[in-house]
Amino acid sequence: MPLSPDQAAEITAQRAQTTPTRRVTSPGMEERLYTAHPVLDHGFVRVIDYMGDDAAICQAARVSYGKGTKSVSNDEGLIRYLMRHWHSTPFEMCEIKLHVKLPVFVARQWIRHRTANVNEYSARYSILDREFYIPAPDALAAQSTVNNQGRGELLEGEEAARVLEMLKSDAMRAYDHYEAMLSTEGQKGLARELARMNLPANIYTQWYWKVDLHNLFHFLRLRADVHAQYEIRVYAETICEIVADWVPAAFKAFEDYRMGGVNLSATALDCIRRMLKGEEVTQENSGMSKGEWREFEGVLE
Ligand SMILES: Cc1cc2nc3c(=O)[nH]c(=O)nc-3n(C[C@H](O)[C@H](O)[C@H](O)COP(=O)(O)OP(=O)(O)OC[C@H]3O[C@@H](n4cnc5c(N)ncnc54)[C@H](O)[C@@H]3O)c2cc1C
């Protein structure tokens, strides 16, 4: 259960409020506002605020006085043009502020995206909750034998049960000691900023994360990708669903050009031209390394 009854009531009260405004709003995003979308076993993503919509991207691109919208199809065409030609600044005119609850080891990957504004829950000031990420059986996998940065087959039977038991009992033991160190019963009690250091990296933290749409697309391109670790990918996938409702035309262009498209080197492009002319192109005569050729074949398949 990611939310306590008090937290759920606060969200319901906030969702019941409406404020008249002259600013543009996005119907899809208004529907999403404040709701906690569950991710992993205790995590969530909530939209706290946003600025702009598809039309705002076109308005900025045209530097117009009014709404800047000509027609929906005209706007969609412009957005696709901007995305195709890496014209990024109009996308920076839209912003989103999220409240995210996530395991600390996921937060370490997430924080590497420097082009956002972050404010994290303070474990110097507050006591962390007893909440740890424990993988579901279908996420409990062995080390990949072909990729040093990935997972292979699922753990099964006794091995899976033993690993889960270790994860759970280690987390509980560490938290029991955390509480015992903080306690002031018959002792001074260790400062929160020090007591937290024995907690494992699967404990949950929370933050507010604000980013513009251009940099959010960059984050999603990397983290909603199959090469990203499952535990951060599920957050990115949830954010993708939110962005699709917020700026549908921009998200469609992003899916088409960035998520679904590929960048080809001049050498790869030359190989495709030679193939189209009927030439037999192999790794040996392609001018590519074995690794590049493997990836190139992957793209063509
Ligand atoms: C699958 C995967 C595996 C990874 N593995 C590792 C790993 O093993 N070890 C590791 O340390 N990291 C790893 N990373 C993290 C990765 O190297 C990047 O740090 C992370 O993805 C953030 O990307 P970014 O810097 O482009 O994003 P942001 O910080 O959001 O920056 C966006 C863009 O802004 C520009 N920019 C931002 N700040 C600067 C700056 N100070 N100077 C110049 N340009 C700047 C760059 O053009 C950058 O691409 C991995 C990431 C992925 C997706």
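Order of appearance sets the numbers: ligands from 1, and atoms from 1 within every ligand. Throughout, residue positions are numbered sequentially from 1 according to the sequence presented.
- Within the 4.0 Å cut-off (strictly below), no protein heavy atom is located near atom 44 (N) of ligand 1.
- At least one protein heavy atom sits closer than 4.0 Å to atom 29 (O) of ligand 1.
- Aromatic rings from F44 and H37 are positioned such that their centres are separated by 6.0 Å or more.
- Among protein heavy atoms, the minimum distance from atom 41 (N) of ligand 1 is reached at R114 NH1, 3.4 Å.
- When Q109, H218, H214, R108 are checked for heavy-atom proximity to atom 26 (O) of ligand 1, H218 turns out nearest.
- Residue H227 has at least one heavy-atom neighbour below 4.0 Å for each of these atoms of ligand 1: 1 (C).
- Close placement of the F219 and W110 rings is indicated, their centers lying within 6.0 Å of each other.
- Q109 contributes no side-chain N or O that, together with a main-chain N or O of V106, makes up a donor-acceptor pair within less than 3.5 Å.
- Within a 4.0 Å radius of atom 47 (O) of ligand 1, the protein contributes no heavy atom.
- For the pair T12 (side chain) and A8 (backbone), a donor-acceptor distance under 3.5 Å is present.
- In this structure, atom 18 (C) of ligand 1 is not in close contact with the protein, since no protein heavy atom lies within 4.0 Å of it.
- Counting protein heavy atoms only, atom 13 (C) of ligand 1 is closest to R112 NH1, 4.2 Å.
- Put simply, the side chain of D53 gets close to the backbone of A55: a donor and an acceptor are under 3.5 Å apart.
- Looking at atom 2 (C) of ligand 1, its nearest protein heavy atom turns out to be R223 NH1, 4.3 Å.
- At least one protein heavy atom sits closer than 4.0 Å to atom 51 (C) of ligand 1.
- When only non-hydrogen protein atoms are considered, atom 8 (O) of ligand 1 lies nearest to Q149 NE2, 3.2 Å.
- Seen from the ring of W209, R46 does not count as a face-on cation partner, given the 6.0 Å and 45° thresholds.
- In this structure, atom 34 (O) of ligand 1 lies nearest to the protein heavy atom T115 CG2, 4.0 Å.
- Criterion: ILVMFWY side-chain heavy atoms under 4.5 Å apart, direct or through other members. Under it, W293 and L264 are part of a common hydrophobic cluster.
- Looking at Y204 and D41, their side chains do bring a donor and an acceptor atom within 3.5 Å of each other.
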